[in-house]
Student: 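Submitted below is the structure of interest, expressed as structure tokens.
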Amino acid sequence: MSAIKVAILGFGTVGEGVYRTIQSHAEPLAAVLGKSVEVAAILVKNKQKQRDIHSDVLVTTDFADILRLPELDVVIEAIVDKNPSFGYLQQAIERGCHIITANKEMFAHHGQELLEMANKQGVSVGYEATVAGGIPVIQTLRQLLNINRVAEIQGILNGTSNFILTEMREKQQSFAESLLLAQQLGYAEADPTNDVEGFDAFYKAMILSRIAFGAEPDWNDVERQGITVITSELIAAAEQLGLRFKHLASIRHDGELLTASVKPVLVGKENPFYHVEGVENAVNVYSDIVGRITLQGPGAGMFPTASAIIEDLVYVCQQQHGEKQTTQGLIPRQTPNNEQTEQAFWLIQGLPSDGKSLEVIWLQEVSERIFLVKAGQTKITEFVNQHPEAFCFPIDGDVELLTSDPAAIKAV
Ligand SMILES: NC(=O)c1ccc[n+]([C@@H]2O[C@H](COP(=O)([O-])OP(=O)(O)OC[C@H]3O[C@@H](n4cnc5c(N)ncnc54)[C@H](OP(=O)(O)O)[C@@H]3O)[C@@H](O)[C@H]2O)c1
């Protein structure tokens, strides 16, 4: 039986998980692919580190050694940062290899170029692991895109942020305490900016937008807010209303308009994201025939991510090359529609005491300087622009009033 020769770039959490899974699942891989899979080489940064790698495997710090291998079919990339990963994958495609990546930051920036290059070269690209770890959201979208038209995708795409929000609520801890615990447990990096400021979820949302709609909104038009603005007081106020904070990425295709946001949203018990806790990820896909599909599972970690990559390995080896294009024929506008005026519920912290700065339908004080408000989107947008010190969080769905006492409700 001939072999599929694979190189793995990186031997950290993801790279090692892939290596070990290729060993542990050699039999089913060979049965499905009709060939065994052999790891020919591994690229690392520091060759002095002790690693459990078979002596037959070339371990190198020089990518040129990998390109010089006499046989090479697939390059799996699991290193960090946009560069040198992008350059390595370009060279791998030029060499005629299928590529697979887990690197969302690189793929959000350069994915389209890699897909086009791969198409010309007649090779395939796997990137399931870039979004929601072990959850097969990209494969699901590929399946759906034959006839279904996707209208909206929403997701909890960053397990670290979801873990911190869960800890803050369950243990009544501060953001700082919960972040420290996430770091101690290995869920958050020493520099957590990418996770807690929403960049990681933003990159994933743009990758999902590209596959579901064949386009991305202008990155400058995407509202991106992380979870650092959420205080214990806000979490407690939300609990009083039966709501939970979730950091949600949303991409919506409405006619010709493609809009996206990545920000904290309050959800009630009836919302499928309400019960998604800890490091779990979840994705809702709304499409015209099937309706809503919810996918939930581990968004990161050694073996969930290896699972996505191994499934991609089968996909790229079996694929007639070329990414399936969505049939939606979307022409994205460059600017969002500011005429949106629908009324909605908001939790607002820092409403000035004059009460006149925001035109509301009604408002109710939940706790000190935290208000439940019913107001139009346009008024809220104007208010936020004029009051950067105030924070407004949308509530997804209806809420029950804390009291029906008219004296406690200020109608305007
Ligand atoms: N961790 C997860 O659960 C997860 C889930 C989905 C996607 N991802 C993505 O997968 C990628 C890898 O994540 P990870 O958690 O496995 O990272 P990691 O544990 O920090 O490992 C990174 C690996 O890449 C190697 N490396 C870094 N820069 C390199 C360079 N310039 N040249 C060669 N090797 C280099 C490192 O080599 P040394 O060992 O020699 O230092 C290390 O083996 C990232 O893009 C991440 O966003 C991670």
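Whatever order the structure lists ligands and atoms in, that order sets their numbers, starting from 1.
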Student: List every atom of ligand 1 that sits less than 4.0 Å from any heavy atom of Lys104, numbering the atoms from 1 in the order shown and giving each element.
Tutor: 6 (C), 7 (C), 8 (N), 47 (O)
Student: Going by the atom numbers of ligand 1, which of them fall below 4.0 Å from some non-hydrogen atom of Ala300?
Tutor: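 That gives atoms 3 (O) of ligand 1.
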Student: Output the list of atoms in ligand 1 that are nearer than 4.0 Å to some heavy atom of Leu43, sorted by atom number.
Tutor: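 Checking each atom against Leu43, I get 33 (C).
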Student: Checking a contact table here: which protein heavy atom is nearest atom 38 (P) of ligand 1, and how many Å away?
Tutor: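 Of every protein heavy atom, Lys49 NZ, 3.4 Å lies nearest to atom 38 (P) of ligand 1.
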Student: Going by the angle between their ring planes, with limits at 30° and 60°, are Trp219 and Phe202 parallel, tilted or perpendicular?
Tutor: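 Trp219 vs Phe202 ring planes: perpendicular.
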Student: How close does the nearest protein non-hydrogen atom get to atom 12 (C) of ligand 1, and which residue and atom is it?
Tutor: Ala78 O, 3.3 Å
Student: Run the numbers for me: atoms of ligand 1, each under 4.0 Å from some heavy atom of Asn103, listed by number.
Tutor: 45 (O)
Student: Check each of Lys45, Met106, Glu16 against atom 29 (C) of ligand 1 and report the one with the nearest heavy atom.
Tutor: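 Heavy atom nearest to atom 29 (C) of ligand 1 belongs to Lys45.
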Student: Tell me the nearest of Thr61, Val14, Ile42, Asn46 to atom 40 (O) of ligand 1, using heavy-atom distances.
Tutor: Asn46
Student: Within the 4.0 Å heavy-atom shell around Phe11, which atoms of ligand 1 are there?
Tutor: 23 (C), 42 (C), 43 (O)
Student: Identify, for atom 19 (O) of ligand 1, the protein heavy atom at the shortest distance, and state residue, atom and that distance.
Tutor: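 Among all protein heavy atoms, the one nearest atom 19 (O) of ligand 1 is Thr13 N, 3.1 Å.
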Student: Among all protein non-hydrogen atoms, which one is nearest to atom 21 (O) of ligand 1, and what is the separation to 0.1 Å?
Tutor: Gly12 CA, 3.2 Å
Student: Which of the numbered atoms in ligand 1 are below 4.0 angstrom from a heavy atom of Pro84?
Tutor: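 What qualifies from ligand 1 is 31 (N).
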Student: What atoms of ligand 1 come closer than 4.0 angstrom to any heavy atom of Gly301?
Tutor: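 Those qualifying, in numeric order: 2 (C), 3 (O).
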Student: Identify, for atom 45 (O) of ligand 1, the protein heavy atom at the shortest distance, and state residue, atom and that distance.
Tutor: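 Going atom by atom, the protein heavy atom closest to atom 45 (O) of ligand 1 ends up being Ile79 O, 2.8 Å.
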Student: Give the numbers and elements of all ligand 1 atoms closer than 4.0 Å to a heavy atom of Ala129.
Tutor: 6 (C), 7 (C)
